[in-house]
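What follows is one structure encoded as structure tokens, with my remarks underneath.
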Number of protein chains: 2
Amino acid sequence: MMSLSQTTGHAVRALTCLAGHASPPVSVKDLAECSGVPRPYLAKIVKKLNNTGIIESKRGAGGGVWLARPAKLISLLDISVALEGDAFLGNCLFGLDSCGNEYECPAHKFWIKNREQIKRELERVKLSDVLETQKNHPAALHSNG
Amino acid sequence: MMSLSQTTGHAVRALTCLAGHASPPVSVKDLAECSGVPRPYLAKIVKKLNNTGIIESKRGAGGGVWLARPAKLISLLDISVALEGDAFLGNCLFGLDSCGNEYECPAHKFWIKNREQIKRELERVKLSDVLETQKNHPAALHSNG
DNA sequence: TTAATAGAAGACATTAATATCTACAATCTA
DNA sequence: TAGATTGTAGATATTAATGTCTTCTATTAA
């Protein structure tokens with residue numbers, strides 16, 4: 001099924017919890033409970049978000065993680081790129097390697113344009129927007145298959 | 001990476017070979033050579049295309065497969081649906097199960113619209129178009145990773 | 001009717017994404 | 001400094017997509 005990876009979905013949910021938390025730092029354990037993401041897996045996700053400067057962390061008692069900048073300045077694009085890399089929207093809709101250089105598949109021009117649309121939308125939507133949406137629907141972001 | 005499945009890409013390549021063939025039926029073996037898709041795997045793909053009425057087949061010596069209707073009447077959408085099912089474009093960009101009913105994620109409206117755009121494009125592009133493109137670039141559709 | 005051809009079917013193998021487990025290192029509080 | 005807390009790191013496990021192998025059945029041609 002064509003969508004962003006499940007891992008990215010996890011990250012969005014966890015970051016939303018983090019953004020909504022009154023008093024950071026928050027432990028990964030608490031984030032896992034809040035977001036429904038498996039704890040050990042979330043630890044890895046958190047690591048990536050840390051490496052890419054979206055969150056910061058502190059070890060030890062009273063430690064935890066927090067947003068490196070306000071939720072209004074973190075876009076869904078930032079999160080997607082952090083987890084899946086820069087080319088998270090494939091070069092060709094059909095995954096053809098040869099597509100785009102000397103050759104273009106019949107859907108190429110469309111996909112290039114469409115891909116940019118998707119990117120712009122992901123750039124437009126900020127973590128703060130997700131948080132707002134969630135506040136109106138408290139149980140919203142939890143279940144995921 | 002977000003794109004249609006590799007399997008769908010395989011199917012498009014193989015069907016393009018089939019559409020370009022002078023005298024059907026064509027054996028799966030020949031299709032595999034022409035398209036670069038692993039033979040045994042192509043056999044499975046061919047089976048699905050058969051089940052969904054995109055191709056027909058005949059066993060035995062002199063048998064093989066052929067398009068069930070002209071290439072102009074087979075869209076990339078038909079092929080995608082045949083292989084990945086009707087919901088091959090996910091319900092939510094982030095794969096959230098809860099998204100779309102009582103709850104909508106912040107990118108939901110955008111994705112619904114965008115998804116339709118993608119579908120329309122896949123509907124617009126026919127197998128005959130792919131064949132034309134390939135004729136101008138003979139080596140185009142072969143390699144794939 | 002026999003031998004060759006070719007698709008059908010299902011068991012098995014590989015790979016990448018996802019998820020878990022265990023041990024470790026840093027930091028705080030007392 | 002002792003002990004509890006919490007992130008870090010890497011090995012291991014599971015799952016779904018992808019790919020392979022073997023055997024069977026249908027069809028044709030001689």
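So you know, we letter chains A, B, ... as the sequences are listed, proteins then strands, and number each from 1.
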Practice task
Rounded off to whole Å, could you give me the NZ-to-P distance for the Lys47(A) and dC24(C) pair?
Solution key: 19 Å
Exercise for the section: Using a heavy-atom cut-off of under 4.0 Å over every strand shown, decide if Val37(B) touches base, sugar-phosphate, or nothing. Expected result: nothing
Handout entry: Euclidean distance, atom NZ of residue Lys29(A) to atom C1' of dA4(D) [Å, nearest integer]
Key = 13 Å
Practice task
Could you tell me the separation between the CD1 atom of Ile45(B) and the C1' atom of dA8(C), rounded to a whole number of Å?
Solution key: 15 Å
Practice task
Give a yes or no on whether the backbone of Ser5(A) and the side-chain of Glu84(A) come within a donor-acceptor separation of less than 3.5 Å.
Solution key: yes
Exercise for the section: Please tell me which of Met1(B) and Ser57(B) maps to the more 5' nucleotide of DNA chain C, matching each residue to the nucleotide holding its nearest heavy atom. Expected result: Ser57(B)
Exercise for the section: Return the set of residues passing salt bridge (charged side-chain N to carboxylate O under 4.0 Å, His left out) with Arg39(A) (not counting sequence neighbours), or none when no residue passes. Expected result: none
Practice task
Please step through side-chain contact (heavy atoms from CB on, under 4.5 Å) for the pair Leu4(A) and Leu122(A), ending with a clear verdict.
Solution key: CA-CA 11 Å; Leu4(A) 298 175; Leu122(A) 292 177; 4.3 Å; yes
Exercise for the section: Look at the side-chain N and O atoms of Asn50(A) and state whether any lies under 4.0 Å from the OP1 or OP2 oxygen of dT8(D). Expected result: yes
Exercise for the section: Answer yes or no: is there an ion pair linking Glu121(A) with Arg124(A), defined by an N-O contact shorter than 4.0 Å? Expected result: yes
Exercise for the section: May I have the distance from Phe88(A) (atom CZ) to dA17(C) (atom C1'), rounded to whole angstrom? Expected result: 18 Å
Practice task
Mind grabbing the angle between the end helix axes of the helix from dT1(C)-dA30(D) to dA30(C)-dT1(D)? Five pairs an end, 10° rounding.
Solution key: 0°
Handout entry: Distance in angstrom units between Lys48(A) NZ and dT18(C) C1', rounded
Key = 11 Å
Handout entry: Glu84(B) CD to dA16(D) P, straight-line distance once rounded to whole Å
Key = 16 Å
Problem - Point-to-point distance, once rounded to the nearest 0.5 Å, from NZ of Lys72(B) to CG of Asp129(B) - result: 8.5 Å
Exercise for the section: State whether the number of non-hydrogen atoms from other residues, nucleotides or ligands found under 6.0 Å of Lys58(B) atom NZ is greater than 12. Expected result: no
Practice task
Could you tell me whether the side chain of Trp111(B) and the main chain of Phe94(B) form a donor-acceptor pair under 3.5 Å?
Solution key: no
Practice task
Kindly say whether Val26(A) contributes a backbone atom to a donor-acceptor pair with the side chain of Lys29(A) at under 3.5 angstrom?
Solution key: no
Handout entry: Cys99(A) and Cys105(A) SG atoms under 2.5 angstrom apart
Key = no
Completion exercise
With B for base contact, S for sugar-phosphate-only contact and - for none (protein heavy atoms under 4.0 Å), nucleotides 18-30 of chain D reads SBBB---BBBB--
Practice task
Can you tell me the distance, in whole Å, between the CE atom of Met2(B) and the C1' atom of dA17(C)?
Solution key: 17 Å
